[in-house]
Each structure stands twice: as structure tokens, then as C-alpha cells.
Visitor: 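Here you go, one structure.
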Number of protein chains: 2
Amino acid sequence: MATIRDVAARAGVSVATASRALNGSGPASPGTVELVRRAADDLGYRVNKAARSLRTQRTDTIGLLLSDVRNPFFSDLAYVIEQAAAADHVSVITMNADERTDRQEAALRSLATQRVDGLIVVPQGGATLEVPTGMPLVLLDRRVDGSPAPVIQSDNELGSRQMIDHLVELGHRDIALVAGPQSSSSGRERLAACLAALEGHGCTPRPEWIVEGDFQERSGHVAAAALLDTTPRPTAVFAGDNLMAVGVLSEARKRGLRIGEDIAVVSFDDSRWFPLLDPPMTAVAQDVESLGLAAYRALKDLVAGRPSGDVVVPTRLVVRRSCTTSSIPARRSA
Amino acid sequence: MATIRDVAARAGVSVATASRALNGSGPASPGTVELVRRAADDLGYRVNKAARSLRTQRTDTIGLLLSDVRNPFFSDLAYVIEQAAAADHVSVITMNADERTDRQEAALRSLATQRVDGLIVVPQGGATLEVPTGMPLVLLDRRVDGSPAPVIQSDNELGSRQMIDHLVELGHRDIALVAGPQSSSSGRERLAACLAALEGHGCTPRPEWIVEGDFQERSGHVAAAALLDTTPRPTAVFAGDNLMAVGVLSEARKRGLRIGEDIAVVSFDDSRWFPLLDPPMTAVAQDVESLGLAAYRALKDLVAGRPSGDVVVPTRLVVRRSCTTSSIPARRSA
DNA sequence: GATCAGGGTGGAAACGTTTCCACATCGAGA
DNA sequence: TCTCGATGTGGAAACGTTTCCACCCTGATC
């Protein structure tokens, strides 16, 4: 591959001049610029990022550490962030923690040796986030205690309240919660907000109606299996993310329950698939576009040395048909 | 951040020795190794990849160019490939072409300046794939004419035949096809195989029953809109990927058609969501794990200078309930 | 006509590694 | 005792950039 040396030689100028001409980083006569550009084109020259990084101490690359790429919520976030970064000619190295703290550590080590300019992390609960000191860091979707990094997240309190209010309005009083892992802030916040909202309506759930999952589909199954065997059975189940909702849904189906009639199933987190389910699922939609853009912008600020703060993005209730009222016992029909 | 110089100083050895000790790349006494290791640990030393790459001409990074991360088929592939690479301490830079050729070009340019060790690409149809000469390259899911790069893909011929045979066996004879873009090899192969299979059964479809989409959800809507207005109406629609199937499904629903009763809708490409749809969708499942691993292994071979060849991964028909027989006219009940 | 400002240019250092080469040490074999 | 090979070590070059600095012009200002 051609180096800047080759380009300079072909253009008949020095390496220094070639560099300035290509980057516009210093004085260079229009003629020279043209000459160097042409030489670079002819040779198919592409700057060597490793060499540039070594010299400039920047990589024009950021790290994105997700907890699960296969969760559409996160893959959509990755999409938005990658798009925004590409517009700035910044590359994104996406890694996966698979909801595991050891993977998170490994990924962070790897990102550190890459000397990425900054990091957007969806942190694993229960782990201390070991990031090289001085490395710009933005937390996405979840917070971690004691970290000074800005946090970009949905308004979990609002979203939870919207859904609980909706359910109660429909007449539900026996509402079960499949919470996210309580080691994660989003899991905690959503559960707490749901409980507070329920409390406000005077319908505190039975303890056995609160089950902790891990944001993955399997745990939705397991939780539903436990929940649906209780007597009395709850009339509605609110799952803490889209994957667990899917788990709950298929477990309920397997038991022959008609969703939306025998029992309501709803989800925090919307999904493009929800409108097509049987029946279409009511959900609290997160504004993925805003979340991703805010995270990228926050990181960009940090990298540029500007201060940056937390962002809370509002949620929106999307009512579909997975919680019609027919399942509700008469006592509440008043 | 500590450099190897600092480590060497702290361990009281030369830089050269420190490097050898840390990498095991040359002779070093056990005592020295221990000493250097400890010094590195104390300092929290992480090798600077840019510097290493500059010297070694390797980056231990590969590029993965996808056509659409938000398509679960591809995000699952990304997951598998990233996992496999991580086990080798290889990083993956994932980029998105968004099914657009200009984005593909931009991404390839960017990947070239990163000097990735190799490239796994899901190529856009209709574009010539400009990859730096000598750069190891593996094509995934789709082939491109004239490229000598190994191709890893599902057995489109088998999958198409499995599905057509199944439909015909159920009594369908009026089968419509929402094909993938004919600029992509997978789109072409699947359509050709479907037509051949239909021919074999003596039921060549009417021209208006063959519609070309672009693998995205919207085009499924559009195709279905056209298809469902024809008279006679086809009794079954076979979509070329999971996203277009979703589009067809929701369009059909919007028109009040009962899927699996009034009309059958099936898909090339399975999805974790398909079992939950209304009704659960019959699909040709691709073996994503095998595809991803094969692609990574092929690239690894190429990077190591070993030859590598095409891989065709078998598909599997997953029968659910989106194509029961009630929609089929009597003429075929014999 | 001398001075000055500033644009354009080239030489060379520096970034942090790895690795080639030369050298020293040591034990074993002649 | 001398040589030899193996082993461990350090110096220094090289990878491809960017950027500091010094230099040479040119044209304008005094």
C-alpha cells in the first residue's frame, strides 16, 4: 500500500507538505494541494490510521459496549450511534458483554488497548466499571453507583407509571411484575416506579407476583411459569423489557391462556414485532433515536473537553390489544 | 498511560527485553518475565495497539460489513462472528451499508484506512466491491460476480425447494413470490430455485405474482398490496426474507385476510419472533451459527495464508401454522 | 532601498512498539 | 584450556504519520 512518502515523491514535494496538503492542516498553495491530491488518487493512497493515531494520540474511533446485540433495543441503538459517528468520520467498535460481567471486563480491556477516544457503555449490574482514567465515558440505559459519567436513559419512572395507570384504568388491580435484574439501575428504577404507582392506586401486589428476571427471553418463561400458577392469578403481567415479554407471552400461550382475554401481557420496550403478535402487544416505547443521538453527542462533548450532563428521554405508551378488559373479575367492574 | 518504556524502567531491564518478556516472542529468563509482568501490572500497562500495528503490520482487527444490522438475521450473524473473533483476541469493526451501495463504498474506504487484517462482507448487489488488493476477503450470504473471494451462504436452492414442495404438498398451486432484489445473488438464487421447483410441479406462477422487493419491511408491504389485488388471488405468498415477510403479513392483516386460512404467508429466514406471530409463521430456517463460524474460519485461513473455499450451509424447513390448507380451492382437493 | 510580515516549503523529531543484530555469559565438549 | 552453541540481554532501526522549527521567498510598508 502506498504511503505518504510515495505520494510526496510522485507530487514532487516533501512529506511534510504532502501531509499538510491532504489534511488542510497548514499552509499549502492551491497548486500544490491539487498536485498532491492527484498523486494520492493515482496511487490509491489511504492514510494509515495506526501511524496517525500513534502521532496524534487520537484514534477517531469510539467503543460501544452493549449488553446484548441480539436484543433489538440494543441493536437499534447501535445502528443510531454508528450512523451518527459515521457522519463525523468516527468508527465504532461494538462489543458484547452478553449480560455477563466477565465479558464486560474483557471487552473494556480490549477497548483500552485500542486507545479508543471514548466509550459508550451499557453497564452490567454489580460490576465495577474499570475504565482507564481520563477516558471519556458515557453510560447508556443504566447507571452505575458512584460513577461521575453522564447517564443517558429513558424516563423509567414515567414509563412505568404510564403503563400502570393504563392497566388500572382498564380495571386491573391484580398486576404482576417481571422485573429486570435488580443489580441494574433500569431494573431497579422500573420496579420501584411500578410499585409506587400501584401503591398510589391502592393495589399493592402480592409478593409472589413480583419476579426478577435478567432481561433475556428465557427468564420471561421462567417467571411466567411461576406467576401463572399462583392463586389468585394476576390479571395482568408487566414485563421489564421486550425479550422477557416474549418469554411471558409464549409461556402463557403454552398454558392455553388467551392473551388479552384470560390475561393481559404488556412490556416496557416496544418492538417492531409487537404489532404483529397475537394479539398485538401494548408497550411502553422508548425513543431509541433520541437515546442514541444523545449518547453520541454527550460523548462527543466529553471528547472535545466540553462538559456534558445526564439526559432523560421521555417514553410513550403504545396501546394495542394485549390488555383488553374481559379478564377482569366483576368486583372491579364498578 | 504507561508505555513499555515505563515498564522496562520499573523492571530494570531494556525495552527490548520487556517486549520479549510480555509477548513471549523471544528468549527471556523466568525471573525477568516475572519481574516485567509485575511491573506491567503495577503500572496498569496496556500495549498501544496503534504502535504495535504500525510495527507489525497487523491490527488483530477484522471488518464486518453488514447490509442491515437491524435485520435480526444479520445481527445474529454479527453476534456469532464477534464471539468467535473475541476468542482469538481479534476485534471486529462492524459497519452498516444500509442496503445502499454508496454507504458500502464509504464503509470499505474507512475499513481500508483502518488496515483491518481482513474483511467479511455481505455485499450490496449491483456494486463492484472495491477492496484494497491483497486484503483477505470473505463474502457472506451473497456472492458477487467475478470475485475470487470465498462465499459462505445458505443453500438457497434447497431452502426454496423445501418450502415450495411443502406448499404444493399442502395443495397450494397458486403461489406468489416476494423475491429479494435481483441485483443480489441470494435474491436471484432463491427466485430461480422457486421457479424451477414450481415448474417441476407443473404450476408456473402468473407474472403478476412475482414481485421484487429489497429485503426490507416496507417493500413487503408494497409487494403484498400489489399481490393481494390480483384476481385470482394467490393462495400462498412466499417472502424472500424475514423482514419482507413481516411486511406481507401486516398488509394482509390490514386487508382483513386471515393468515393461514384465507391466505398462507411463509418466509425464507426464520426468526425468534415467528413462533409468536398470529399465526406462528412457517419458515425456512438458516443455520446462522454455522454461517457465522464458517465465515470467520474462512477469513482466518485467508489471513494466515491458507487457501479457503466456498461453504454452502443446509437450510431446514420449520413448519408452523401460517399455511394451513383451508384456503385452497376445491379443484386441487383430489 | 531596507525592513517586515507572512505564506509556502522541507528537514527532522517524535509517537510506542517489535525485531534485527551484536554482545556477553555460561556450561559442555574437545 | 579453548571453542562452541545456547541463552539472555541491550542498542538501535523501522513502521507511517504529524508537527515543530527554520528557511526562503514575495510583496508591502516605512
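Side chains are part of it too, since the values below use all heavy atoms of this structure and drop only hydrogens, waters and symmetry mates. Predicted model only: the values in this text are computed from it and were never measured.
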Visitor: For A:R20 and D:dC20, what is the distance between atoms CZ and C1' respectively, to the nearest whole Å?
Guide: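 Result: 10 Å.
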
Visitor: Using whole Å, what does the distance between atom C1' of nucleotide D:dT18 and atom NZ of A:K49 come to?
Guide: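 Taking atom C1' of D:dT18 as the reference, NZ of A:K49 is at 16 Å.
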
Visitor: How long is the straight-line distance from CG of B:L43 back to CG of B:D41, given to the nearest 0.5 Å?
Guide: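 Taking CG in B:D41 and CG in B:L43, the distance rounds to 9.5 Å.
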
Visitor: Have a look at B:T32 and say if it touches a base, only the backbone sugar-phosphate, or nothing, with a 4.0 Å heavy-atom cut-off.
Guide: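 The residue B:T32 makes sugar-phosphate contact but no base contact.
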
Visitor: What is the separation between atom CG on B:D6 and atom P on C:dG16, rounded to the nearest whole Å?
Guide: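 Going from CG in B:D6 over to P in C:dG16 covers 9 Å.
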
Visitor: If you draw a 6.0 Å radius around CD in B:E130, do more than 12 non-hydrogen atoms from other residues or ligands fall strictly inside?
Guide: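 At most 12 heavy atoms, drawn from other residues, nucleotides or ligands, come within 6.0 Å of this atom.
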
Visitor: D:dT17 P sits how many Å from A:R46 CZ, rounded?
Guide: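 After rounding, the reported distance stands at 11 Å.
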
Visitor: Measure from CG on B:L54 to C1' on C:dA14 and round the result to the nearest Å.
Guide: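 Going from CG in B:L54 over to C1' in C:dA14 covers 12 Å.
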
Visitor: Decide yes or no, distance alone: a donor-acceptor N/O pair under 3.5 angstrom between the base of C:dT17 and the side-chain of B:R55.
Guide: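 Flag unset: no donor-acceptor pair detected.
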
Visitor: Starting at CD1 of A:I4 and ending at C1' of D:dG16, how long is that distance when rounded to a whole Å?
Guide: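 Rounded to whole Å, this separation is 8 Å.
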
Visitor: Once rounded to the nearest 0.5 Å, what's the spacing between atom CG of B:L54 and atom CG of A:N48?
Guide: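 These two atoms lie 6.0 Å from each other.
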
Visitor: Verify the contact: side-chain N or O of B:T17 to OP1 or OP2 of D:dG8, cut-off strictly under 4.0 Å; return yes or no.
Guide: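 No, because none of the side-chain N or O atoms of B:T17 sits under 4.0 Å from OP1 or OP2 of D:dG8.
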
Visitor: With a 4.0 Å cut-off on heavy atoms, is B:A16 in touch with a base, just the backbone sugar-phosphate, or nothing at all?
Guide: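 Counting heavy atoms under 4.0 Å across all strands, the contact made by B:A16 includes a base.
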
Visitor: Taking only the side-chain nitrogens and oxygens of A:R5, find out if one of them lies under 4.0 Å from OP1 or OP2 of D:dG16.
Guide: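 So the side-chain polar atoms of A:R5 never come under 4.0 Å of the phosphate oxygens OP1 or OP2 of D:dG16.
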
Visitor: Mind checking whether B:L111 and B:I93 have side chains closer than 4.5 Å, heavy atoms only?
Guide: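 A side-chain contact under 4.5 Å exists here.
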
Visitor: Looking at A:T56, I'd like to know whether one of its side-chain N or O atoms comes within less than 4.0 Å of OP1 or OP2 on D:dT17.
Guide: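 Result: no.
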
Visitor: Select base, sugar-phosphate, or nothing to describe what B:S19 touches, counting heavy atoms under 4.0 Å on all strands.
Guide: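 Result for B:S19 = base.
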
Visitor: On the nucleotide D:dG16, are OP1 or OP2 found under 4.0 Å from the side-chain N or O atoms that A:T3 carries?
Guide: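 Answer is no, no contact under 4.0 Å.
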
Visitor: For a quick test of reading the model, state the closest non-hydrogen atom pair linking B:S110 to B:M95 and the distance between them.
Guide: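 Shortest heavy-atom separation between B:S110 and B:M95 comes out as OG-CE, 3.4 Å.
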
Visitor: State whether the distance check finds a donor on one side and an acceptor on the other, under 3.5 Å, for side chain A:R115 versus base C:dG16.
Guide: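 There is none.
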
Visitor: Determine: side-chain N/O of B:N48 to OP1/OP2 of C:dC15, distance under 4.0 Å, yes or no.
Guide: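 No, B:N48 has no side-chain N/O under 4.0 Å of OP1/OP2 on C:dC15.
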
Visitor: Checking all strands, does A:V13 fall into the base, sugar-phosphate, or nothing category for heavy-atom contacts under 4.0 angstrom?
Guide: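 Here A:V13 touches the backbone only, sparing every base.
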
Visitor: If I take atom CD in residue A:Q57 and atom P in nucleotide D:dG16, what distance separates them, rounded to the nearest angstrom?
Guide: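 My rounded result for the distance is 19 Å.
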
Visitor: Separation of B:D60 atom CG from C:dT18 atom C1', in whole Å?
Guide: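 Result: 13 Å.
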
